[in-house]
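Notes follow once the structure below has been shown.
In what follows, residues are counted from 1 in the order of the sequence shown. Side chains are part of it too, since the values below use all heavy atoms of this structure and drop only hydrogens, waters and symmetry mates.
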Amino acid sequence: MAMYLSITARASRAFSLLAPRPSSGRHGVISTRHTVPTYCHSRLFSTTQEAETPTPTTDDETIANLKSPFLQTMRDRGFLFQCTNLSELDDILSSSNGIGCPAYLGFDATADSLHVGSLLQIMILRHYQKAGHKPIVLIGGGTSKVGDPTGKDESRVLLTDEIIQMNMRGISSVFEKFLSFQEDDDASATSDAIMVNNDEWLSELKYLQFLRDYGTHFTINRMLSFESVKQRLTREAPFSFLEFNYMILQAYDFLELNRRYGARLQLGGSDQWGNMISGVELGRRVDGASLFALTAPLITTSDGKKMGKTAGGAVWLNADKLSEYDYWQFWRNTSDEDVIRFLKLFTELPLEEIGKMENWKGGDVNKAKIVLADEATALLHGRDCLKSIHETIDTMFKGGGGASTESLNRIFVTNEDLGQVKIIDLFVRLELATSKKEARRLIQGGGAKLNDVKVEDENAVVTADDFNENKEATLRAGKKRAGVVELN
């Protein structure tokens, strides 16, 4: 029986639909690099003869003359990196028979929230649905028990079933903000998204039968040729047989999703290319299915840092892990070199409007960053939060009166904490510093303030005099980061 997620479902409903049967994504983090797109054809492989690695095509005419609105968007906004049989996929997606064509993207439940590194993949699903096609969100309840080794220096910590279920509950809600989901048992809208948990089929597999049915379609030679495997084998940490099986399970997911839901396209990051090709090949060899894989480039900032990481930690998508204000500030702090690229990838502003901003110089670039922050934040948290965010900025950082603290992250202390809790500990709890050591450096550098007064004593404690009539005290780290301590 299919497990669908209704957009009107509460968090508990979403969790129950994703919970595994009695017997737990692959893009929880996108560590990324901005490179020149290439568009590839897959070469079918054999168990007896090794196939060549997919090679870039120089068919610029096909790329320039794409007919599918979805593929045009992927090309024009910078999402398109690799694709199997691009011309054939274009024909399918641009034909009347291709409307509603199901495509899926996987997210493993490795944390209780996705972070901004996953946003590129979520935006791809959103564009796919807006083009009239059906997105399938695959939650890796089963593959999370194994752990994706891609891009990792060592084995992931094995998660318990309880933690996986908690993480699935945490990550599932964010998709409702970007996609329109199918109501239970309502198949009227061909483009309505569905959410599926691969534990539904992976946990029911019988090991020997699975090996006999599908093991012959994978060669060790082929698997060792994947770049993700090569990189892992160069690390000092051992590469376990458990992790080595991950690519087989990912390939099998594609086969099952094609059988159950008619999925013909797998979407993902370019670091998943080898695993995705395996799924395309498995579907052809086992069921004679014509399947496709399309990847987006892995994104880094212009200085080479991973997308989604800051000095303060991960930029989470769940509001209970990162406030709307801090999320807005993340985008506002985008470098000059990245702002146009990020406007194309992480907002839905028309390309013509973004094109006008490309020539902005000096202070006008900061205006483009505010546009980026507003649009990206509105997509995730809604436009209603922008008013309080701008009020906070205007009053706290531009000299306005009556400072609003509504948008700021906050923590709570009690009367028993007064005279006991050190201010450096509050900086850490508010995530204005990653450690006490960093908080001390902030104080020593003159960047730590309590209620606009510079904190000079590293051992200072919070007292009743630090709170205003609203029982609030404001901590600041530098010019742009702030949080509130509330006396409860």
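For CG of D384, the number of neighbouring non-hydrogen atoms (other residues, nucleotides, ligands) closer than 6.0 Å is 12 at most. With a 6.0 Å radius and a threshold of 12 heavy atoms from other residues, nucleotides or ligands, K449 has its NZ atom at or below the threshold. Surrounding NZ of K67 are more than 12 heavy atoms belonging to other residues, nucleotides or ligands, all under 6.0 Å away.
The pair R476-D452 meets the salt-bridge criterion, since a charged nitrogen lies less than 4.0 angstrom from a carboxylate oxygen. In this structure, E431 does not pair ionically with R481, as no charged nitrogen and carboxylate oxygen lie closer than 4.0 Å. Salt bridge present: K436 and D425 bring a charged side-chain N and a carboxylate O closer than 4.0 Å.
Two rings, from W328 and H381, have their centers 6.0 Å or more apart. Ring centers of F70 and H127: at least 6.0 Å apart, outside the cut-off. For F175 and F181, the ring centers are positioned 6.0 Å apart or more.
Shortest non-hydrogen contact noted between Y104 and A263 is CD2-CB, 4.5 Å. Considering all non-hydrogen atoms of both residues, A109 and N167 come closest at O-ND2, 3.1 Å. Closest heavy-atom contact between A64 and R75: O-NH1, 3.1 Å. Minimum interatomic distance between L442 and G478 (heavy atoms only, all atoms of both residues): CD1-N, 4.5 Å. Heavy-atom minimum distance, C101 versus Y128: O-OH, 2.6 Å.
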(request) List the steps and the verdict of salt bridge (charged side-chain N to carboxylate O under 4.0 Å, His left out) for K369 and D336. (result) CA-CA 8 Å; K369 294 179 183 180; D336 293 0; 2.6 Å; yes
(message) Walk me through whether Q82 and T295 qualify under side-chain hydrogen bond (donor to acceptor under 3.5 Å, both in side chains).
(response) CA-CA 5 Å; Q82 296 159 304; T295 70; 2.8 Å; yes
(message) Show, in sequence, the C-alpha distance, side-chain angles and deciding distance for E456 and I443, and conclude whether the side-chain contact (heavy atoms from CB on, under 4.5 Å) test is met.
(response) CA-CA 6 Å; E456 297 182 346; I443 293 173; 5.5 Å; no
(request) Give the C-alpha distance, both sets of side-chain angles, the deciding distance and a yes or no for side-chain hydrogen bond (donor to acceptor under 3.5 Å, both in side chains) between Y325 and Q329. (result) CA-CA 6 Å; Y325 173 83; Q329 281 287 4; 3.1 Å; yes
(request) Any chance you could lay out the side-chain contact (heavy atoms from CB on, under 4.5 Å) test for D253 and T143, step after step, and finish with the verdict? (result) CA-CA 10 Å; D253 279 345; T143 44; 4.1 Å; yes
(message) Go through it in stages, so that I can follow the logic: the residues are L475 and V485, the test is side-chain contact (heavy atoms from CB on, under 4.5 Å), and I'd like the CA-CA distance, side-chain angles, deciding distance and then a yes or no.
(response) CA-CA 7 Å; L475 294 180; V485 181; 4.0 Å; yes
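At distances below 3.5 Å, not a single donor-acceptor pair connects side-chain atoms of T377 with backbone N or O atoms of D374.
Atoms CG and CG, from N85 and L294 in turn, are 11.5 Å apart once rounded to the nearest 0.5 Å. The structure places CE of M357 at 5.5 Å from CG of L343, a figure rounded to the nearest 0.5 Å. The distance from atom CD1 of I424 to atom CD of E438, rounded to the nearest 0.5 Å, is 12.0 Å. Considering CE of M74 and CG of L71, their distance stands at 8.0 Å, rounded to 0.5 Å. Note that the CZ atom of R440 and the NZ atom of K422 stand 6.5 Å from one another [nearest 0.5 Å].
For the residue pair T301 / D303, a side-chain donor-acceptor distance below 3.5 Å is found, with atom types taken as modelled. No side-chain donor from either of N275 and S278 sits under 3.5 Å from a side-chain acceptor of the other. Side-chain polar atoms of E458 and Q444 form a donor-acceptor pair below 3.5 angstrom. Between the side chains of S335 and D338, at least one donor N or O lies within less than 3.5 Å of an accepting N or O.
Residue K177 is tested with L380, I122, L379, L317 for a side-chain contact (heavy atoms from CB on, under 4.5 Å); the sole match is L380.
The aromatic rings of W331 and F346 sit tilted, their planes meeting at an angle between 30° and 60°.
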